[in-house]
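Below is one structure, written out as structure tokens, with a few remarks after it.
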Amino acid sequence: MPKWQIEKKHGFKNLILACLAVSLCFVFFSGCQETPEEPAVIEKTGITLDSLEESLSDEAAIEIPESWNDTVETDYVTVHIVANVHAAEQSKFPVYQVEGSQFTPDLVDQIASEIITSPITSRRSSDITRDDVEMMLAYANRGIREQQSDGTITYGSYDGQQEYINELTQKLESGNLPDAEYKPTSSVQIDSFPTYEFYALADGSLVSVECKEQSISILTKAFATVQTQSMLVDDGGYMGEGPIKLNPDYSAEQAINTTEVFLKDMGIEGMRVSSTVMARLFDLYSYDIYSQGWMITYNHTCDYSAYDFLSFGGNDSGFIRASDESLYAVPWYQERITFYVDKNGIQMFSWNHPAKVTGEAVSSAKIMDFDSICKNAKKLIQYGISWVEGGHEDFYLYDVTLTTTLATEKDNLNSVIMIPVWVFSYRDQYGYETDSGMPEGFALSAIDGSRVDLFPRSGES
């Protein structure tokens, strides 16, 4: 959320929490858990480039089915395996050497010029100003947005409205808020990293540009957020809205084509679509819905299928425990590009942890057969759930994808490699039936079947 964000009371605060939920994950099994005395069944072994074995065949060494159906059951949990299996059509399974990259001011300006279509007139700090608070106060007095059965929009009161109005009024009367200071400019100017600024356009709109050396985010509506369908399926995007079913008048295929043209024009290679979901562009203060469209996510996987690990909320499965001393490899940050696209073009763009493939460490690694991978996955599930306390629950493992992850070579943190992994995704029964909430997941090395961490922990990489 923007650093200048003032939390709104009750209903308004619920909206902010709902938006933050995009970056959070649900723990697979919660409640009191006892640490088992026995060691993990599936160990994390470690990998070095010297240990990789080249496949002796030019053809794929394994047969990959279209689905996997099975059941894992313990006294506490039944895991129904009704999974589609996704793997790119490939006969080789290379391991790549990778190096991290950083953004430059020129590259940021080049990206922004492709997304911002109206001429830029000036820029200002993103720090909250008197004008911003006056805008918030006007919306607070107007009330909460309500759509009637005939489609008309009205505005009504909400719990905590007067308290919030009083808070904003006090801020205005304090005299501590600066006036907005706009500096003339005709382009995005990055003086240093990190930076977070607003750019005023000739059409009267305000664009936010936030940059760090390894991340960039551009939003064509500075006070807006992108809400996905999964956020809206239950109670809508704010208190009282109710369940929402999006219906963009712009197809997913058109949205993907728009993003692929952008990537080609920018010379960005090796990215594949990992997620396509319906979404809307929503103003955090006025509750105006600017548009419905698509959130398209790309990951850097070269010739492998793509999978968006952040659909797990930025964490591995919470139900599997393993000692830090037995890491398969220290994970590296995964490169990710996300767009929000509507019929008018790209309205949101973010790019995190850019990476550059410098070559193939192994042109085709020897990998385990799929049946052996599945056996290891079942053992890992059984270990993870056999000691969970609580009532009996049902979970559904619904997707298995052969993709890649970035990790460091064992005992050499300066050597980053892209290795093939099988990612297993699951939800609880409610999430599986409604396609809501965020999935959980874990990954196994396609090379030796050992467990692979997907996300760096504190102090890693």
Side-chain angles (χ1 to χ4, degrees), residues 22 88 100-120 186-190 195 197-199 201-203 205-222 224-228 246 248-281 290-311 333-357:
V22 172
S101 184
Q102 293 182 338
F103 292 112
T104 64
D106 287 343
L107 179 56
V108 174
D109 183 41
Q110 183 183 359
I111 292 171
S113 64
E114 291 288 326
I115 296 173
I116 303 173
T117 56
S118 180
I120 296 174
S186 59
S187 63
V188 171
Q189 297 181 350
I190 305 301
T195 184
E197 292 189 310
F198 292 160
Y199 287 83
L201 308 186
D203 63 7
S205 60
L206 206 60
V207 175
S208 67
V209 178
E210 183 174 12
C211 302
K212 300 177 183 179
E213 290 183 341
Q214 293 188 329
S215 66
I216 176 175
S217 176
I218 300 174
L219 192 61
T220 59
K221 303 293 183 183
T225 188
V226 176
Q227 297 178 324
T228 62
L246 298 177
D249 56 357
Y250 187 68
S251 71
E253 291 75 15
Q254 290 173 305
I256 291 174
N257 181 67
T258 297
T259 59
E260 288 183 343
V261 169
F262 175 89
L263 294 176
K264 183 178 179 180
D265 290 345
M266 294 298 304
I268 301 173
E269 300 178 339
M271 307 297 287
R272 286 198 172 201
V273 175
S274 58
S275 174
T276 304
V277 296
M278 288 184 289
R280 72 182 186 185
L281 189 61
Y290 294 113
S291 67
Q292 294 188 19
W294 300 87
M295 191 167 77
I296 314 293
T297 301
Y298 286 79
N299 288 92
H300 199 157
T301 58
C302 293
D303 294 330
Y304 291 85
S305 294
Y307 193 97
D308 183 17
F309 297 146
L310 286 189
S311 64
Y333 295 100
Q334 308 301 314
E335 183 174 16
R336 185 176 191 254
I337 295 179
T338 303
F339 301 86
Y340 171 75
V341 186
D342 62 21
K343 63 182 180 181
N344 294 316
I346 298 171
Q347 305 301 328
M348 184 277 289
F349 172 85
S350 69
W351 186 0
N352 294 283
H353 306 296
K356 179 181 179 181
V357 174

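- Applying the 6.0 Å contact sphere to CG of N344 captures more than 12 heavy atoms from other residues, nucleotides or ligands.
- Put simply, the side chain of S305 gets close to the backbone of A88: a donor and an acceptor are under 3.5 Å apart.
- The shortest heavy-atom contact between Q227 and L246 is O-CD1, 4.5 Å.
- We find the SG-CD1 distance between C211 and I218 to be 6.5 Å, quoted to the nearest 0.5 Å.
- For the pair Y290 and R280, the minimum side-chain heavy-atom distance is 4.5 Å or more.
- In this structure, R336 CZ and D308 CG are separated by 4.0 Å, a value rounded to the nearest 0.5 Å.
- Taking both residues in full, the closest heavy atoms of C302 and R272 are given as O-NE, 3.3 Å, listed atom of the first, atom of the second, then distance.
- Contact annotation: the side chain of Q110 approaches that of M266 to within less than 4.5 Å [non-hydrogen atoms, C-beta and beyond].
- Here D106 contributes atom CG and I111 contributes atom CD1; the two are 11.0 Å apart, rounded to the nearest 0.5 Å.
- In this structure the side chain of Y333 never reaches within 4.5 angstrom of the side chain of N352, judged on heavy atoms.
- In the model, N299 has no side-chain atom that pairs as donor or acceptor with a side-chain atom of T301 under 3.5 Å.
- Atom OG1 in T104 sits 10.5 Å away from atom CD in E213 (nearest 0.5 Å).
- Looking only at side-chain heavy atoms (C-beta outward), T117 and D203 stay at 4.5 Å or farther from each other.
- Counting heavy atoms from C-beta on, the side chains of V357 and H300 come closer than 4.5 Å.
- Between V273 and I296 there is a side-chain heavy-atom pair separated by less than 4.5 Å.
- Contact annotation: the side chain of T259 never approaches that of W294 to less than 4.5 Å [non-hydrogen atoms, C-beta and beyond].
- Nearest heavy-atom pair across M271 and L263 is CB-CD1, 4.5 Å.
- Considering only heavy atoms from C-beta on, E197 stays 4.5 Å or farther from V209 through its side chain.
- A side-chain contact (heavy atoms from CB on, under 4.5 Å) with I337 is found for exactly one of I216, I268, T297, namely I268.
- For the atom pair CZ of F349 and CG of L219, the computed distance is 13.0 Å after rounding to the nearest 0.5 Å.
- No donor-acceptor pair closer than 3.5 Å links the side chain of Y298 to the backbone N or O of A306.
- Within a 6.0 Å sphere centred on CD of E269, other residues, nucleotides and ligands contribute 12 heavy atoms or fewer.
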Give the C-alpha distance, both sets of side-chain angles, the deciding distance and a yes or no for side chain to side chain contact (heavy atoms under 4.5 Å, CB included) between M348 and T338. CA-CA 8 Å; M348 184 277 289; T338 303; 3.9 Å; yes
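- Here the shortest heavy-atom pairing between V207 and A222 reads C-CB, 4.2 Å.
- Counting only N and O atoms by type, the side chains of T258 and Y250 include a donor and acceptor under 3.5 Å apart.
- Counting only N and O atoms by type, the side chains of E210 and S217 include no donor and acceptor under 3.5 Å apart.
- Between P248 and M278 the shortest heavy-atom distance is CD-SD, 3.4 Å.
- Of all heavy-atom pairs spanning F103 and Q214, the tightest one is CE1-C, 3.6 Å.
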